[in-house]
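Given the structure is predicted, the values throughout are model-derived calculations rather than measurements. Just so we're on the same page: letters track the sequence lines, and every chain starts at 1.
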There are 2 protein chains.
Amino acid sequence: MFSKACEYGIRASTYIASQSLRNRRVSLKEIAEEIDSPIAFTAKILQQLSRNRIVDSVKGSAGGFQIENKQIEKIKLSEIVYAIDGNEVSMGCGLGLKKCNSNKPCPVHDKFVKIRDELKMMLENTSLYEMTEGLEVGLTYLKR
Amino acid sequence: MFSKACEYGIRASTYIASQSLRNRRVSLKEIAEEIDSPIAFTAKILQQLSRNRIVDSVKGSAGGFQIENKQIEKIKLSEIVYAIDGNEVSMGCGLGLKKCNSNKPCPVHDKFVKIRDELKMMLENTSLYEMTEGLEVGLTYLKR
DNA sequence: ATTAAATAGGACAAAATTGTCCGATATAAA
DNA sequence: TTTATATCGGACAATTTTGTCCTATTTAAT
């Protein structure tokens with residue numbers, strides 16, 4: 001469904017958010033350990049998220065990544081996904097047709113639109129804050 | 001959502017089914033033209049579908065691909081997808097966790113299960129026959 | 001039998017994705 | 001001011017996916 005880069009990006013953002021809520025800025029090293037991802041690849045993805053203003057990065061000693069607390073509730077899963085994978089996943093044709101639409105649909109157009117619309121709604125309605133809730137109390141996990 | 005190979009596979013199967021209903025066996029060349037796909041790559045995918053008994057292939061002069069008419073209603077979209085992409089798309093974790101399940105879920109486990117279950121139901125309930133219906137009357141398309 | 005036309009399958013090539021390494025740059029602390 | 005510790009970003013490498021080409025094999029028709 002999503003690329004590896006996107007999966008790591010979501011997990012990283014969620015971890016950063018969970019720590020930002022405790023006023024902790026976290027390093028790349030810590031992030032990669034906590035989400036079990038390849039560190040250098042994760043660095044690239046964090047750069048992308050930083051350029052897209054989804055996470056804040058601070059260079060230099062005691063630097064790292066963080067997200068403003070008031071942003072954590074505002075940032076939706078969709079923003080992370082669109083920043084890394086684009087919106088093909090919730091907008092594109094299931095059979096790969098470039099110009100598939102309701103006027104010139106592929107044979108599964110309507111059925112896919114239904115699924116994709118639900119996916120789209122889910123992504124656009126799920127906030128980073130929601131995703132951190134279970135983490136704190138050990139109900140949800142970001143590795144393995 | 002699906003790989004290119006899978007998209008071509010679905011489109012090819014649908015075209016073969018539509019022509020089999022008219023008792024026409026079709027060649028690789030015709031298929032690739034009608035679904036606008038790279039011919040040699042499409043050949044590989046058809047071999048896979050043939051080995052998985054989703055399409056029948058006939059070698060030699062006047063050979064080509066076909067699907068038994070009584071099978072066209074029985075073959076579901078899910079069989080094609082699983083044969084080419086596996087069932088990761090309807091079973092795997094949205095964040096790429098290997099051991100994600102309801103006991104040790106990722107932060108979006110429940111939300112993804114809901115989407116994936118619907119996708120799974122749709123794939124398993126959509127027959128090749130259904131997909132050919134609009135084609136005949138020019139209501140649906142397999143290229144561009 | 002020979003030939004023409006078709007799929008099967010192996011080897012190879014190109015492109016995209018995933019992943020690594022290292023020097024440049026920025027910043028806090030000594 | 002120097003040093004230690006971060007991220008940034010460019011170049012490179014490995015792997016996977018996508019795509020091509022060519023020969024072998026099969027089959028129908030001549």
Side-chain angles (χ1 to χ4, degrees), chain A residues 1-13 15-16 19 24-33 35-67 81 83-86 88-89 92 95-96, chain B residues 1-13 15-16 19-20 24-33 35-67 81 83-86 88-89 92 95-96 98:
Chain A
M1 178 151 307
F2 303 137
S3 67
K4 278 284 163 200
C6 191
E7 292 174 354
Y8 295 146
I10 297 170
R11 279 149 65 190
S13 302
Y15 182 69
I16 295 165
Q19 297 305 303
R24 285 192 66 230
R25 178 186 295 166
V26 288
S27 70
L28 167 65
K29 184 161 173 290
E30 177 177 340
I31 295 167
E33 277 165 5
I35 70 173
D36 192 34
S37 66
I39 185 165
F41 190 41
T42 305
K44 296 296 185 195
I45 298 159
L46 287 170
Q47 283 173 33
Q48 245 186 299
L49 293 173
S50 174
R51 281 192 293 264
N52 279 276
R53 316 232 176 262
I54 290 166
V55 306
D56 298 326
S57 74
V58 178
K59 293 175 79 168
S61 183
F65 299 89
Q66 61 194 1
I67 304 176
V81 171
I84 299 176
D85 276 355
E88 233 0 54
V89 72
L95 302 191
Chain B
M1 178 152 312
F2 303 137
S3 67
K4 278 284 164 201
C6 191
E7 291 174 355
Y8 295 146
I10 296 169
R11 280 150 61 190
S13 301
Y15 182 69
I16 296 166
Q19 297 305 303
S20 289
R24 285 192 68 230
R25 177 186 295 164
V26 288
S27 70
L28 167 64
K29 183 162 174 292
E30 177 177 340
I31 295 167
E33 278 165 5
I35 71 172
D36 192 32
S37 65
I39 185 165
F41 190 42
T42 306
K44 296 296 185 196
I45 298 160
L46 287 169
Q47 283 173 34
Q48 246 184 298
L49 292 174
S50 174
R51 281 192 294 264
N52 279 276
R53 316 233 174 262
I54 289 165
V55 305
D56 299 325
S57 74
V58 178
K59 293 175 78 169
S61 182
F65 298 89
Q66 60 193 3
I67 304 177
V81 171
I84 298 177
D85 277 355
E88 223 17 41
V89 71
L95 302 191
K98 293 280 188 300

Asker: Specify the separation, in whole Å, of atom CG of B:D56 and atom P of D:dT26.
Answerer: 18 Å
Asker: Grab the N/O contacts between the protein and nucleotides 12-15 of chain C below 3.5 Å, and write none if there aren't any.
Answerer:
none

Asker: Let me have the donor-acceptor pairs involving side chains of residues 5-12 of chain B, under 3.5 Å, with sequence neighbours excluded, atom names and distances please.
Answerer:
unit_1: B:E7; atom_1: OE1; unit_2: B:K4; atom_2: NZ; d: 3.4
unit_1: B:R11; atom_1: NE; unit_2: B:L142; atom_2: O; d: 3.2
unit_1: B:R11; atom_1: NH1; unit_2: A:L95; atom_2: O; d: 3.0
unit_1: B:R11; atom_1: NH2; unit_2: B:I35; atom_2: O; d: 2.4

Asker: Checking A:N52 now: which residues fulfil side chain to side chain donor-acceptor pair (under 3.5 Å) with it, not counting sequence neighbours?
Answerer: none
Asker: Separation of A:L46 atom CG from C:dT20 atom P, in whole Å?
Answerer: 14 Å
Asker: Checking A:E33 now: which residues fulfil side chain to side chain donor-acceptor pair (under 3.5 Å) with it, not counting sequence neighbours?
Answerer: A:K29
Asker: Determine all donor-acceptor pairs shorter than 3.5 Å in which one atom belongs to a side chain in residues 38-50 of chain B; sequence neighbours excluded.
Answerer:
unit_1: B:T42; atom_1: OG1; unit_2: B:S37; atom_2: OG; d: 2.6
unit_1: B:T42; atom_1: OG1; unit_2: B:P38; atom_2: O; d: 2.6

Asker: Among residues at least two apart in sequence or on other chains, which ones pass side-chain contact (heavy atoms from CB on, under 4.5 Å) with B:S61?
Answerer: none
Asker: When the distance from CG of A:L28 to C1' of C:dC21 is rounded to whole Å, what number comes out?
Answerer: 13 Å
Asker: Which whole-number value in Å describes the distance from B:R51 CZ to C:dA8 C1'?
Answerer: 9 Å
Asker: Under the side chain to side chain donor-acceptor pair (under 3.5 Å) test, which residues partner A:D56, sequence neighbours left out?
Answerer: none
Asker: Identify, with sequence neighbours excluded, every residue that meets side chain to side chain donor-acceptor pair (under 3.5 Å) alongside B:S3.
Answerer: B:D85
Asker: Restricting both atoms to N or O, compile the protein contacts to nucleotides 23-25 of chain D shorter than 3.5 Å, with distance only.
Answerer:
none

Asker: How would you list, by chain and number, every residue that makes a salt bridge (Lys or Arg N to Asp or Glu O under 4.0 Å) with A:E88, sequence neighbours excluded?
Answerer: none
Asker: Rounded to 10°, tell me the angle between the two end axes of the helix from C:dA1-D:dT30 to C:dA30-D:dT1, each built from five pairs.
Answerer: 0°
Asker: Between the protein and nucleotides 17-22 of chain D, list every N/O to N/O distance that falls short of 3.5 Å.
Answerer:
unit_1: D:dT18; atom_1: OP1; unit_2: B:K4; atom_2: N; d: 2.9
unit_1: D:dG19; atom_1: OP2; unit_2: B:Y8; atom_2: OH; d: 3.3

